[in-house]
Amino acid sequence: MEYNERFKLLGFDPVTNRIKIMIKNTGRIMSANFYDIRNTDVMDDLSRDEVEAIYRKAYSSGQQVDTQYDITSRPERQWILYSLFCLIITVCYIFSNISAVKPVFFSGLGVLVTPGVFVYPLTFLIVDLLNEFYGFKLARRAIYMCVCSNALLLLLLSLSLPVLPEWIFNSSYKNLVTQFQSAFIASTLAFFCSELANSYTLIKIKKLTKSKYLYVRLISSTFVASVLDSIIFCFIAFYGVMEQSQIIQIICVQIAVKLIYALINVFPAYGARYLFNRYLAE
């Protein structure tokens with residue numbers, strides 16, 4: 001079968017991500033979105049490389065595309081970056097769960113927080129970058145892998161193995177694992193709800209703004225995720241252990257800290273997008 005007899009892919013609009021295709025017999029250039037040409041003779045006439053480029057662009061812009069092109073056609077360096085992102089959010093997530101068993105009190109400020117509040121907001125930035133570079137589907141898979149990794153760690157820690165009766169840390173270790181189990185249940189629900197809400201909000205705002213105003217979708221999605229995450233986690237993890245006033249204080253402080261992170265994260269997000277488009281995007 002001969003390709004490019006009638007149409008030829010010229011590229012993509014950098015602002016709207018619309019596809020630019022030249023009609024060869026007239027020389028006219030038409031602009032269309034993915035769904036306008038997906039099941040038409042235009043796609044049939046394009047070469048495989050051009051079709052792959054269209055699918056990759058559609059998928060990276062957050063459109064729900066039922067295809068395997070994203071798996072088979074991404075260069076290895078993009079998958080290395082994806083693996084690195086998954087590793088970072090997994091480490092931050094596990095650290096936040098383990099450190100939640102010991103809240104920190106800043107007496108000078110009268111503030112009670114969990115240590116994870118200073119690390120966990122980094123996951124919002126990573127998930128936002130995953131949505132920007134790889135789309136909602138692969139970002140969601142990274143969230144699932146993160147939760148499964150944490151569940152596996154909890155399972156290994158909970159194994160009942162023979163121990164020395166005189167070991168002085170028997171009771172302490174058991175109490176630590178029990179508290180970690182409570183933190184895991186709370187953080188899993190909070191993580192699922194907040195990160196999926198974060199991804200969904202970011203993608204919706206991206207579509208509404210036609211991929212413009214990155215800072216708007218970063219701050220807005222992080223705000224939604226921060227509120228959900230803090231409320232769900234704190235009430236489940238600390239209900240019955242702390243007074244309600246202390247729980248509300250932790251929630252307010254966590255939301256405030258995460259929003260500060262959201263404002264700061266705008267700058268590395270723009271830098272990361274520039275580097276990705278320059279060195280990794282095809």
Hydrophobic clustering (ILVMFWY, side-chain heavy atoms < 4.5 Å, transitive) - are F85 and V91 grouped together?
no
Taking the side chain as every heavy atom from C-beta outward, state whether R273 and F133 have any pair of such atoms under 4.5 Å apart.
yes
Might you point out which heavy atoms bring I232 and C193 nearest each other, and give the distance in Å?
CD1-CB, 3.8 Å
Taking S187 for the side chain and F184 for the main chain, is one N or O donor matched with an acceptor at less than 3.5 Å?
yes
Is any side-chain heavy atom of W79 closer than 4.5 Å to a side-chain heavy atom of L84?
no
Start with the C-alpha gap between N265 and L218, add the side-chain angles, then the distance that decides, and say whether side-chain contact (heavy atoms from CB on, under 4.5 Å) holds.
CA-CA 8 Å; N265 286 343; L218 287 177; 5.9 Å; no
Minimum heavy-atom separation for L130 to A142, with atom names?
CD1-CB, 3.6 Å
Identify whether the distance between the nearest side-chain nitrogen and carboxylate oxygen of K258 and D229 falls below 4.0 Å.
yes
Reported OH-to-SG distance for the pair Y120 and C92, which is rounded to 0.5 angstrom
10.0 Å
Could you measure the distance from the OG1 atom of T90 to the CG atom of L153? Nearest 0.5 Å is fine.
11.0 Å
Do M30 and V42 come within less than 4.5 Å of each other through their side chains, counting heavy atoms only?
yes
What's the verdict on side-chain contact (heavy atoms from CB on, under 4.5 Å) for F223 and L259, showing C-alpha distance, side-chain angles and the deciding distance?
CA-CA 6 Å; F223 173 76; L259 289 180; 3.6 Å; yes
Using the rule that two of Ile, Leu, Val, Met, Phe, Trp, Tyr join whenever any of their side-chain heavy atoms come within less than 4.5 Å, decide whether I88 and L81 are in one cluster.
yes
Treating R18 as the side-chain partner and S31 as the backbone partner, does any N or O pair qualify as donor plus acceptor under 3.5 Å?
yes
Note: S194 and F124 closest approach over all heavy atoms is OG-CE2, 4.3 Å
Between OG on residue S226 and CG on residue N198, distance to nearest 0.5 Å
8.0 Å
Any side-chain heavy-atom pair from K20 and L9 closer than 4.5 angstrom?
no
Any donor-acceptor pair under 3.5 Å linking the side chain of Q254 with the backbone of I251?
no
Verdict with supporting geometry, L122 and L125, side-chain contact (heavy atoms from CB on, under 4.5 Å)
CA-CA 5 Å; L122 182 61; L125 172 62; 4.1 Å; yes
Around atom CZ of F12, are there more than 12 heavy atoms of other residues, nucleotides or ligands at under 6.0 Å?
yes
Do L208 and Y200 sit in one hydrophobic cluster, given that two such residues count as connected whenever their side-chain heavy atoms are within less than 4.5 Å of each other, even indirectly?
no
Would a hydrophobic clustering, with Ile, Leu, Val, Met, Phe, Trp and Tyr connected at side-chain separations under 4.5 Å, put I236 with I250?
no
Do the side chain of N131 and the main chain of V127 share a donor and acceptor less than 3.5 angstrom apart?
yes
Rounded to the nearest 0.5 Å, what separation is found between the CD1 atom of I143 and the SG atom of C86?
10.0 Å
How about OH on Y213, more than 12 heavy atoms from neighbouring residues, nucleotides or ligands closer than 6.0 Å, or not?
no
Ignoring hydrogens, what is the shortest heavy-atom contact between V257 and V117? Give both atom names and the distance.
CG1-O, 3.7 Å
Spacing of CD1 belonging to I54 relative to CE belonging to M43, to within rounding of 0.5 Å
5.0 Å
dist D128:CG -> S199:OG (nearest 0.5 Å) comes out at 7.0 Å
Show the numbers, then the answer: is there a side-chain contact (heavy atoms from CB on, under 4.5 Å) between L159 and L156?
CA-CA 5 Å; L159 291 177; L156 294 174; 4.2 Å; yes
Got a donor-acceptor contact below 3.5 angstrom from the N4 side chain to the L46 backbone?
no
Can you confirm if the aromatic rings of Y82 and Y134 lie within a centre distance of less than 6.0 Å?
yes
Common cluster, V119/I126, ILVMFWY with side-chain heavy-atom separation under 4.5 Å:
no
Could you work out the complete set of other residues in the hydrophobic cluster of L10, with links drawn between I, L, V, M, F, W and Y side chains under 4.5 Å apart?
M22, I29
With the side chain counted from C-beta on, respond yes when I21 and K8 share a heavy-atom pair under 4.5 Å apart, and no when they do not.
no
